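Quick caveat, the model's predicted, so the values are computed rather than measured. Numbers here simply count residues along the sequence, with the first being 1. Basis for what follows: all heavy atoms, side chains included, without hydrogens, waters or symmetry-related copies. Both ligands and their constituent atoms are indexed starting at 1 by order of listing.
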Amino acid sequence: MSYTKCWLAYAPMGGCHRERLTLACMEAGDVLEAARDELRRGLEGLYGASVETAAGHGDITLEVDPALEGEGYRVTADSGRCAIAGGTPVGVLYGVFALLRAVQLQACPWEQVRLEEEKNPSSCLRMLNHWDNMDGSIERGYAGNSFFFREDAVLVDEKRLTDYARMLASVGINAIVINNVNVKNAATWLITPRYFPQLRQYTRILGRYGVKLYLSVNFAAPMELGGLPSADPCDAAVLRWWKEKAAEVWAELPLLGGFLVKADSEGRPGPFTYGRTQADGANMLAQAVEPYGGHIIWRCFVYNCQQDWRDVKTDRACAGYNAFMPLDGQFRENVTLQIKNGPMDFQVREPVSPLIGSLRHTHIIVEFQIAQEYTGQQRHVCYLMPWFREILDTDLKTRPDNGTVAALIRGKGNGMAAVANTGDDENWTGHDLAAANLYGFGRLSYDTSLSPQQIAWEWLRQTFGQNPPVEQTLHQILMRSWPVYEKYTAPLGVGWMVNPNHHYGPNVDGYEYSRWGCYHRASFDGLGIDRSPTGSDYCHQYAEPLASLYASAETCPEELLLFFHHLPYDYRLKSGKTILQHIYDTHFEGAEEAAAFYDAVLHLKPYLDEAVFARLEARFAHQKAHACEWRDVINTYFYRKTGIPDGRGRTIYP
Ligand code: GCW
């Protein structure tokens, strides 16, 4: 299947033509060769120049400078001369992408490009987690099927994998997990000779772009592959099995980064089965992979998914903290805990998980989701960088100086991961604008200080070239998209009003009487979940002053009000409106704004490639209609609960 180049299109920059450029590179090696190839491809595309190799000095010089941090780079460009240095070849590659980005943003003749940029990555681990299954389907995939797997085979499409690796490297992503965290059936066999030859190709292709391969593994593999009677992490035979397995795996795949594990979660096996702790499980695996420099990433998404909705004391939001906080300091050096950004599950709005700030002696990765499971499934536009920016800026007040999430994920063993949003669709991400989330996540993970505005602007310029109407309109749409989506789907921190299983579309009570522990508790007297001391007291998992701030409805940030409190429909917000009227208003406004997005996109027809316009037009038309469905279902639901009509007399169906 053919596919687009996304932000690596390198469209010619009008009026900036240049015949010839010379390029000198001091050293050799695969990654440096990739850096040279990219520079050539980029400059040929942008300037129409032929790029020739020079001995000694050229217009552009690439070099490794060990004085820089490994994946850091320095680029200086002035008067037609440019020097790109990196702490390692991967740093050089990142410098090349930084130059190409700057060239496109400046959009001027080569001699006028000026750049003075030195950067080190904000965190060590900048990962994507693909939830691809070996039959080719993707759990929570909204952009076609897997380009890694089909019918239990590992596909090696060298061209597509290379182009993917280029996209990842261009934004600083340095690791990917290609298989779903729910490891079953054939995927359990990925760590056996059945798949080593193909996976070796992956490590080679990705390695050229500084991207490390990781695999999700099945905690019960000693039973399923090895025929052992148990997978008890404290059983010597189990440890022995994993040690032998690691020796075999790394002998075949010496470049493998490590394993990602979802244990004791949503039906997956884990140490709890044997009365052991999550640390027992993680450390046993860590010990096995340690001789090879292997790394264990252990997910904290551990909760009881067999809850009873009648039980109002058990609160799923408390689960991750309760399971992992007592273990702080007990994990081996090569273990990192991966924690979802919020305590529930990638809702449109959640508070930041308190576990992120409270662990002090444990490496952590914060897990984000750019697969838009709960944020419009890549049919609605939802640019997530403003949301991720807020998360990174949240100060959890657990450190005397800087307790922001961005500060907590600095340093060795820490980082950011995102559930990936790509598939084999021709534009990679289903919705063309969803590619901004892939681009943005990578950029933000490399440089956590970037603004969502800047990222959107960079992405638009590189994707669509110099195209002012497109840039302006789509920039505004991107920046408004998350607040608008929130308006018509998730009022005041309430989530989960979606259809069970596939999670698309409105269904206010979809999860209300289910076993999954995610309720909104709408009743005759009000709405929201009491997580204050009179309820589950989840708010006291936070340090002061946050605990008190969340504990009182008066001081709780309004966007999270109903996440923390059950309040009457006539409770007055700071705006003076009642909660009910706020719900009505935001749903009418959200649907109107979605309609305005559609109208704005229609005006871009003359400025967009035909196929791109057709795809955008179809998605925005769907969003416009579907936002009305959300509006009406939610408004009617609350009208029926309360019998109180809209204060402004707009149509709410009885
Ligand atoms: O909420 C759930 C998703 C599952 C996913 C799980 C997880 C991979 O709906 O599809 O499973 O989160 O993060 O493990």
Apply salt bridge (Lys or Arg N to Asp or Glu O under 4.0 Å) to [X] and list each qualifying residue two or more places apart in sequence or on a separate chain.
X: E266; answer: K262
X: R379; answer: none
X: K212; answer: none

* Cationic tip of R160 above F147 ring, under 6.0 Å, 45° of axis ->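 Yes; both conditions hold, so R160 lies above the ring face of F147.
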
* Asked: Under 6.0 Å from the six-membered ring centre of W189 and within 45° of its axis: does the NZ or CZ of R194 meet both?
  ->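 Because its charged atom sits under 6.0 Å from the ring centre and within 45° of the axis, R194 does stack over W189.
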
* **Check: E373/Q369 side-chain N/O donor and acceptor closer than 3.5 Å** =>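 Q369 and E373 do have a side-chain donor-acceptor pair below 3.5 Å.
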
* Write out the protein residues near ligand 1, meaning a non-hydrogen atom under 4.0 Å from one of its atoms, in order of chain and number. =>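 Within 4.0 Å of ligand 1, protein side: W131, E139, R140, N180, V181, N182, K262, E266, R299, F301, K340, D345, E373, Y374, H503.
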
